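When a residue number appears, it is its place in the shown sequence, counting from 1. Given the structure is predicted, the values throughout are model-derived calculations rather than measurements.
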Amino acid sequence: MQTIPLSVPHMVLSSQQTLTGDWTLHTLTPFGDMDILFSTQSERSGRVLFDVAVKGDTASWMLEGVFPPSFRTTIIELIGRIVVRHSGAPENGAYRFNIRLTGKTGDVKVSGHLTACVCASADG
């Protein structure tokens, strides 16, 4: 199987930061609405760990298991990239994630990591 890098647009409709530094983003993507709540922690290794909770259209898709694993991986990477971009962390870093997806039928917890991204954009 061959793959190509994609740039998936998203729009943050609203955001809120708490006094403890947690963020809530209400985000619109081509895959549906997502409410993303995240906080950051520094690990001993120097990496940043993001704890992320996601509610919305995409979360229910992930829980139902209707889509192939490659699509699930793409959605998880999209969530990770949105979190990194809006956290203020450099996009070319390496990050670990604990993600909890909440849908109508329950919660699914996944973990993963993002490596440095050299992404092409439509802006040039």
Side-chain angles (χ1 to χ4, degrees):
M1 176 185 291
Q2 296 182 355
T3 61
I4 58 172
L6 294 176
S7 178
V8 179
H10 72 279
M11 180 184 303
V12 175
L13 302 174
S14 65
S15 64
Q16 179 180 12
Q17 185 177 24
T18 65
L19 293 175
T20 60
D22 295 348
W23 278 93
T24 301
L25 304 173
H26 180 69
T27 308
L28 181 62
T29 74
F31 307 112
D33 293 332
M34 289 190 283
D35 289 323
I36 302 171
L37 170 67
F38 67 91
S39 61
T40 60
Q41 301 172 11
S42 293
E43 295 185 318
R44 290 183 186 173
S45 65
R47 266 190 173 173
V48 175
L49 171 67
F50 290 99
D51 282 317
V52 183
V54 179
K55 293 180 183 177
D57 298 339
T58 307
S60 62
W61 292 356
M62 299 290 285
L63 292 168
E64 293 170 7
V66 175
F67 294 94
S70 60
F71 182 74
R72 292 168 63 99
T73 301
T74 299
I75 292 294
I76 300 246
E77 184 168 344
L78 173 64
I79 292 166
R81 298 279 176 214
I82 289 171
V83 166
V84 169
R85 173 163 290 171
H86 295 282
S87 71
E91 290 187 51
N92 60 354
Y95 304 99
R96 287 190 349 104
F97 291 87
N98 291 327
I99 301 174
R100 187 179 76 247
L101 301 157
T102 302
K104 296 174 187 170
T105 58
D107 289 358
V108 168
K109 293 181 181 178
V110 295
S111 60
H113 65 279
L114 288 178
T115 56
C117 177
V118 180
C119 301
S121 73
D123 299 337

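Put simply, Met34 and Phe31 are part of the same group of oily side chains (I, L, V, M, F, W, Y) that touch within less than 4.5 Å, one to the next. Hydrophobic clustering keeps Leu37 apart from Val110 (ILVMFWY residues linked when any side-chain heavy atoms are closer than 4.5 Å, directly or through intermediates). Clustering ILVMFWY residues whenever any of their side-chain heavy atoms sit less than 4.5 angstrom apart, transitively, puts Val54 in a cluster other than the one holding Leu13.
Atoms CZ and NE2, on Arg85 and His10 in that order, are 6.0 Å from each other to the nearest 0.5 Å. Within the model, atoms CD of Gln16 and CG of Leu25 stand 10.5 Å from one another, a figure rounded to the nearest 0.5 Å. Atoms CD and OG, on Gln17 and Ser39 in that order, are 11.5 Å from each other to the nearest 0.5 Å. The CD1 atom of Ile82 lies 10.0 Å from the CZ atom of Phe38; values are rounded to the nearest 0.5 Å. Note that CG of Asp35 and OG1 of Thr27 are 7.5 Å apart. Values are rounded to the nearest 0.5 Å. Between Arg96 atom CZ and Asp51 atom CG the span is 9.5 Å, to the nearest 0.5 Å.
Residues satisfying the side-chain hydrogen bond (donor to acceptor under 3.5 Å, both in side chains) criterion with Asp22, sequence neighbours excluded, are absent altogether. Every residue meeting the side chain to side chain contact (heavy atoms under 4.5 Å, CB included) condition with Arg100, not counting sequence neighbours, appears here in chain and number order: Ala53, Thr102, Asp107, Lys109. The ring-ring contact (aromatic ring centres under 6.0 Å, His included) search around Phe50 returns Tyr95, Phe97, not counting sequence neighbours.
The shortest non-hydrogen separation linking Pro30 to Pro9 is CD-O, 3.1 Å.
Between Ile79 and Leu101, the closest side-chain pair of non-hydrogen atoms falls below 4.5 Å.
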